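Just so you know, these numbers use all the heavy atoms, side chains as well, and skip hydrogens, waters and symmetry mates. Remember, it's a predicted structure, so these values are computed and weren't measured experimentally. In this chain, residues are counted from 1 in sequence order.
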Amino acid sequence: MSQIEKKINELRKQLQHYNHQYYVLDNPSVPDAEYDRLMNELIKLEEAHPELITPDSPTQRVGAKPLDVFEKVEHTTPMLSLANAFDVQDLRDFDRRIRESLSVDQVEYVAELKIDGLAVSLRYQDGVFVQGATRGDGSVGEDITQNLRTVRSIPLAINETNPIEVRGEVFMPKQSFLKLNEKRQEQELDLFANPRNAAAGSLRQLDPKIAAERNLDVFIYAVGEWQAGTSATHSEHLQYLSELGFKTNPEWKKCDNIDEVIQYVESWIDRRNELAYDIDGIVIKVDRLEYQDILKTTAKSPRWAIAYKFPAEEVVTKLIDVDFSV
Ligand SMILES: CC(C)(C)c1nc(N2CCN(c3ncccn3)CC2)c2cc(C(N)=O)c(N)nc2n1
């Protein structure tokens, strides 16, 4: 390996490490100026030696040309939808059905915040991000790889050489949503109604340069296709995803029974506004993968998971009280 290649690989490793700290762990260890200096050094070296550029290089986040259309992508493992629960009784019924089907007294669950964004699927081959797609109708989605490459918290390379497909929710943080709408107001463009629509509109851009400016983020919540998988539980999957360099939501909780799930759900009903992103409920999943297989999925949604939906947040519209007395 030439000195140049050594230098390029060293810069890539450093930048991938700093990128992970900044965008995935939200805990940068170097000032932005240092990151920019290293990035500019790598850009110059790659310009001088374009034959050494690889798709997983940190310089390759924003693709060159806009697309004409998004290609269709078939999900080898369908992306199921979730049945809804609207109150605690629904959760107890869910738990009872599961315990009866499994003929067990107690079932462990994992409870996760339900991020209000867009479900996506990410595929990695030989440790490199090769394709990203929208959920679509669960069986066929759209190839939005170029736009997903611009999401800084999506790693372009992971240390898993076996093919693996993961699923997650792309979202726009509340602050980014407010800033985007302020800018659109100034430009007299129509405003996005909420962060979810803003994220959807950003991922639907055919020009990745626009998606790159929208400050999108992601939380990865499941492993899809993974032949080499050996985990026994979903919680192990979440830990493994985090070790691989994926951004997982830190608020997930392993619950020993449905009572603990209910406590978790109730603890979050009034804490939503503390979060930097919108959530629209809690997703509850049977933790043991062997139980998930036994419970199999009904047509559209798994019997081993359910979404507890929070009531839509009443939007307090400040009514300007006009004084008619004068
Ligand atoms: C893997 C399973 C199927 C259990 C699953 N499915 C999910 N979803 C399915 C329905 N989806 C959907 N989207 C659009 C139309 C219909 N269904 C949107 C994703 C999950 C969404 C979240 C989240 N949002 O934070 C999450 N923490 N875990 C999920 N887990």
Original post:
Roughly how far apart are Ser29 OG and His17 NE2, rounded to 0.5 Å?
Top reply: 5.0 Å

Subject >> Rounded distance (nearest 0.5 Å) linking atom OG of Ser231 with atom OH of Tyr240 >> reply: 8.0 Å

Taking [X] for the side chain and [Y] for the main chain, is one N or O donor matched with an acceptor at less than 3.5 Å?
| X | Y | answer |
| --- | --- | --- |
| Lys247 | Tyr23 | yes |
| Ser202 | Ala198 | yes |
| Arg303 | Leu295 | yes |
| Asp280 | Asp116 | no |
| Arg196 | Leu118 | no |
| Asn181 | Phe192 | yes |
| Asp90 | Phe86 | yes |

**OP:** Give a yes or no on whether Ile284 and Ile294 share a hydrophobic cluster (residues Ile, Leu, Val, Met, Phe, Trp, Tyr; joining criterion: side-chain heavy atoms under 4.5 Å apart).
**Re:** yes

Subject >> Shared hydrophobic cluster, Trp304 / Val223 (ILVMFWY, side-chain heavy atoms < 4.5 Å) >> reply: no

Do you see a donor-acceptor pair shorter than 3.5 Å between the side chains of [X] and [Y]?
| X | Y | answer |
| --- | --- | --- |
| Asp287 | Ser235 | yes |
| Tyr109 | Asp95 | yes |
| Glu108 | His234 | no |

Subject >> Cluster companions of Met39 among Ile, Leu, Val, Met, Phe, Trp, Tyr (side-chain spacing under 4.5 Å) >> reply: Ile4, Ile8, Leu11, Leu15, Tyr18, Val30, Tyr35, Leu38, Leu42, Ile43, Leu45, Leu52

Original post:
Are the aromatic ring centres of Tyr124 and Phe246 under 6.0 angstrom apart?
Top reply: yes

Original post:
Which pairs pass salt bridge (Lys or Arg N to Asp or Glu O under 4.0 Å) with one or both residues in residues 138-167, sequence neighbours excluded?
Top reply: Lys72-Glu142, Glu165-Arg167

Original post:
When you look at Thr76 and Glu225, which way does the side-chain contact (heavy atoms from CB on, under 4.5 Å) test go after all the steps?
Top reply: CA-CA 8 Å; Thr76 39; Glu225 281 285 301; 3.2 Å; yes

**OP:** Could I get the full list of side-chain contact (heavy atoms from CB on, under 4.5 Å) partners for Lys209, not counting sequence neighbours?
**Re:** Val62, Asp207

Subject >> Gln185: side-chain contact (heavy atoms from CB on, under 4.5 Å) partners, not counting sequence neighbours >> reply: Leu191

Subject >> Audit row: Leu241, Val166, side-chain contact (heavy atoms from CB on, under 4.5 Å) steps and yes/no >> reply: CA-CA 8 Å; Leu241 287 167; Val166 299; 3.4 Å; yes

Subject >> Any residue meeting ring pair (Phe, Tyr, Trp, His ring centres under 6.0 Å) with Tyr291, in chain and number order, not counting sequence neighbours >> reply: none

**OP:** Only counting residues at least two apart or in another chain, list the ones meeting ring pair (Phe, Tyr, Trp, His ring centres under 6.0 Å) with Tyr221.
**Re:** none

Original post:
Are there more than 12 heavy atoms of other residues, nucleotides or ligands under 6.0 Å from atom CD of Gln227?
Top reply: no

